[in-house]
> 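I am attaching a structure below and will ask some questions about it afterwards.
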Amino acid sequence: MKTILMKFAGPMQSWGTDSHFENRHTDFYPSKSAVIGMIGAALGIRRDDDIKELENIKFATRIDQEGSLLKDYHIARKYKPTGDFDRNYVTERYYLEDAIFVVAVSHEDDNLIERIYEALKRPYFQLFLGKRSIPVLADFILDKFDSDIKRALEKCEWQAKDYYKKRYKQSQKALDIYCDKGIFDNADREILRQDKVISFSKKNRQFSFRYEEHTKIYVENNMFESEDTEHNIFDLVGE
């Protein structure tokens with residue numbers, strides 16, 4: 001089994017799974033449906049095409065750096081069918097600022113993973129972090145591993161920024177992981193999320209519910225510096 005790891009980072013991201021009309025919310029970590037859509041875009045799959053070959057992809061996301069919530073005060077204009085101005089209306093759009101996630105995808109078919117990996121490096125359509133205004137960074141592909149998701153995430157170094165790592169005064173940091181059921185054997189809770197893709201078609205976009213699990217893993221903090229409190233004040237005076 002092979003696993004692809006990707007790093008989702010940048011000034012802003014948005015991962016909505018329950019947004020409607022003028023209120024566009026974001027979840028606090030990437031959704032599986034969005035990642036499936038990203039993979040489909042990389043492969044050149046269009047919205048009305050069949051996505052059955054992507055249905056059994058295994059998915060997990062690790063929160064390496066928690067982002068802060070940003071609310072965008074957005075004004076839009078509505079026009080009548082005649083082209084005349086109708087009214088202004090306010091929409092509320094939410095984003096995550098300065099967040100970093102490690103996203104893992106895997107499949108029992110190694111050939112499919114190889115195709116996805118090559119497509120992500122040379123995508124057919126542009127890839128985005130939840131919204132079209134937020135493209136992925138050039139180095140978003142971390143690597144491809146000959147292992148399952150669990151081992152790949154355990155081996156992956158902490159991807160947070162140095163300033164973020166320095167906040168923690170321990171040599172290890174516990175990171176949250178949200179994943180498909182059965183990937184980790186020490187999951188502590190199960191979550192129901194409207195995040196299973198049925199159709200991306202604009203005319204009949206559909207999503208159903210899926211269960212995901214939560215767990216934690218520990219990573220090394222390479223910015224940790226132990227505090228040595230043993231000192232002799234007379235060493236400063238000299239002989």
Side-chain angles (χ1 to χ4, degrees), residues 3-17 24-32 34-35 38 59-74 92-105 120-121 123 126-145 147 149-179 183-184 186-189 191 193 212-231:
T3 298
I4 300 171
L5 293 188
M6 296 173 282
K7 180 173 71 173
F8 292 173
M12 292 195 300
Q13 303 180 43
S14 185
W15 307 104
T17 55
R24 300 290 177 176
H25 300 287
T26 179
D27 295 340
F28 289 98
Y29 54 94
S31 61
K32 182 176 183 179
V35 175
M38 179 183 293
F59 166 85
T61 181
R62 192 179 79 184
I63 303 178
D64 281 40
Q65 181 170 315
E66 295 179 352
S68 55
L69 192 64
L70 170 68
K71 176 181 176 181
D72 178 27
Y73 182 83
H74 185 91
E92 295 181 348
R93 305 188 182 195
Y94 293 85
Y95 301 86
L96 292 177
E97 291 184 296
D98 299 325
I100 298 178
F101 307 101
V102 173
V103 173
V105 292
L120 290 171
K121 292 194 293 183
Q126 175 64 52
L127 308 182
F128 304 98
L129 297 177
K131 289 187 181 295
R132 292 181 182 178
S133 58
I134 315 172
V136 297
L137 299 183
D139 61 348
F140 80 100
I141 301 176
L142 287 174
D143 208 343
K144 179 181 60 177
F145 297 85
S147 66
I149 287 178
K150 179 178 181 291
R151 293 181 181 178
L153 286 177
E154 288 174 343
K155 292 179 181 179
C156 181
E157 295 182 356
W158 192 11
Q159 298 296 312
K161 297 293 185 181
D162 288 347
Y163 78 86
Y164 188 86
K165 295 178 181 179
K166 289 179 180 178
R167 295 178 181 177
Y168 299 92
K169 306 301 182 183
Q170 297 85 27
S171 60
Q172 290 187 324
K173 175 72 169 70
L175 302 181
D176 292 294
I177 290 182
Y178 295 89
C179 60
I183 293 179
F184 285 82
N186 60 339
D188 54 28
R189 67 177 183 271
I191 303 163
R193 196 177 186 193
E212 66 180 14
E213 295 179 332
H214 170 269
T215 187
K216 291 179 181 287
I217 64 171
Y218 287 86
V219 293
E220 296 296 325
N221 183 2
N222 58 14
M223 299 301 294
F224 171 72
E225 296 182 0
S226 60
E227 297 181 359
D228 185 6
T229 58
E230 295 184 5
H231 62 277

> Is the shortest heavy-atom distance from the side chain of F59 to the side chain of V103 under 4.5 Å?
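The answer is yes; the side chains approach within 4.5 Å.
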
> Minimum heavy-atom separation for S14 and Y95, please, with both atom names.
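Residues S14 and Y95, closest heavy atoms: CB-CD2, 3.9 Å.
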
> Listing request: all side-chain hydrogen bond (donor to acceptor under 3.5 Å, both in side chains) pairs with a residue in residues 130-145, at least two apart in sequence or in separate chains.
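Counting only pairs at least two positions apart or across chains, the side-chain hydrogen bond (donor to acceptor under 3.5 Å, both in side chains) contacts touching residues 130-145 are E114-K144.
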
> Do L129 and L137 have side chains that get closer than 4.5 Å, going by heavy atoms?
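L129 does not reach L137 side chain to side chain.
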
> Give, for atom CZ of R193 and atom CD of E212, the distance between the pair rounded to the nearest 0.5 Å.
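Result: 5.0 Å between the selected atoms.
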
> Could you give the distance from CG (L120) to CD1 (I4), rounded to the nearest 0.5 Å?
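Rounded to the nearest 0.5 Å, the CG-CD1 separation comes out at 5.5 Å.
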
> Which atom names give the shortest non-hydrogen contact between P135 and Q126, and what distance separates them?
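Looking at all heavy atoms of both residues, the closest pair is CB-NE2, 3.7 Å.
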
> Would one find more than 12 heavy atoms of other residues, nucleotides or ligands at under 6.0 Å from atom OH of Y73?
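12 or below, so no.
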
> Given the rule in the side-chain contact (heavy atoms from CB on, under 4.5 Å) test, do M223 and W158 qualify, once you have shown the distances and angles that lead to the verdict?
CA-CA 11 Å; M223 299 301 294; W158 192 11; over 6 Å; no

> Under a 3.5 Å distance rule, please check whether Q13 uses its side chain to pair with a backbone N or O of A99 as donor and acceptor.
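Side chain of Q13 to backbone of A99, a donor-acceptor pair under 3.5 Å: yes, one is there.
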
> Side-chain contact, heavy-atom cut-off 4.5 Å: F128 with V136?
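A side-chain contact is absent here, since even the closest heavy-atom pair is not under 4.5 Å.
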
> Which class fits the ring pair H25 and Y94: parallel under 30°, tilted 30 to 60°, perpendicular over 60°?
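Aromatic pair H25/Y94 classed parallel.
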
> At what distance, to the nearest 0.5 angstrom, does OG1 of T215 lie from CG of L175?
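The OG1 atom of T215 sits 11.0 Å away from the CG atom of L175.
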
> Is the F140 ring parallel, tilted or perpendicular to the F8 ring (thresholds 30°, 60°)?
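F140 vs F8 ring planes: tilted.
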
> Rounded to the nearest 0.5 Å, what separation is found between the CD atom of E154 and the NZ atom of K150?
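NZ of K150 is found 3.5 Å from CD of E154.
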
> So, does T61 use its side chain to make a donor-acceptor pair with the main chain of Y178 at under 3.5 Å?
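No; zero donor-acceptor contacts below 3.5 Å.
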
> Quick one, C179 with I149, criterion side-chain contact (heavy atoms from CB on, under 4.5 Å). Give me CA distance, side-chain angles, the key distance, then yes/no.
CA-CA 9 Å; C179 60; I149 287 178; 5.9 Å; no

> Would you find a donor on one side and an acceptor on the other, under 3.5 Å apart, between the side chain of D27 and the backbone of Y29?
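Answer holds: no.
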
> Identify the two heavy atoms, one from M6 and one from V35, that lie closest to each other, and give their separation to 0.1 Å.
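For M6 versus V35, the nearest heavy atoms are CE-CG1, 4.2 Å.
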
> Any chance you could lay out the side-chain contact (heavy atoms from CB on, under 4.5 Å) test for N222 and K165, step after step, and finish with the verdict?
CA-CA 8 Å; N222 58 14; K165 295 178 181 179; 3.3 Å; yes

> Would a 4.5 Å heavy-atom cut-off, applied to side chains only, mark I100 and Y164 as touching?
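No, side chains not in contact.
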
> Could you report the tightest heavy-atom contact between C156 and L142, atom names first, then the distance?
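In terms of heavy atoms, the two residues are closest at SG-CD1, 4.1 Å.
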
> Starting from the C-alpha separation in whole Å, work towards a yes-or-no answer on salt bridge (charged side-chain N to carboxylate O under 4.0 Å, His left out) for K161 and D98.
CA-CA 9 Å; K161 297 293 185 181; D98 299 325; over 6 Å; no

> When rounded to the nearest 0.5 angstrom, what distance separates CZ in F184 from NZ in K216?
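Answer rounded to 0.5 Å: 12.5 Å.
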
> Where do D176 and H214 land on the side-chain contact (heavy atoms from CB on, under 4.5 Å) test, with the steps shown first?
CA-CA 7 Å; D176 292 294; H214 170 269; 2.6 Å; yes

> Report the distance from atom CZ of F28 to atom OG1 of T26, rounding to the nearest 0.5 Å.
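That separation rounds to 7.5 Å.
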
> Is there a side-chain contact between E213 and I183 in this structure, where contact means two heavy atoms from C-beta onward sitting under 4.5 Å apart?
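No, side chains not in contact.
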
> Work out which heavy atom in A60 is nearest to a heavy atom in L153; give both atom names and the distance.
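Residues A60 and L153, closest heavy atoms: CB-CD1, 4.0 Å.
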
> What residue pairs, at least two apart or across chains, pass salt bridge (charged side-chain N to carboxylate O under 4.0 Å, His left out) with a residue in residues 63-72?
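For residues 63-72: R62-D64, K71-E92.
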
> Taking C-beta and beyond as the side chain, do E157 and V219 meet within less than 4.5 Å on heavy atoms?
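In short, these two side chains do not touch, never coming nearer than 4.5 Å.
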
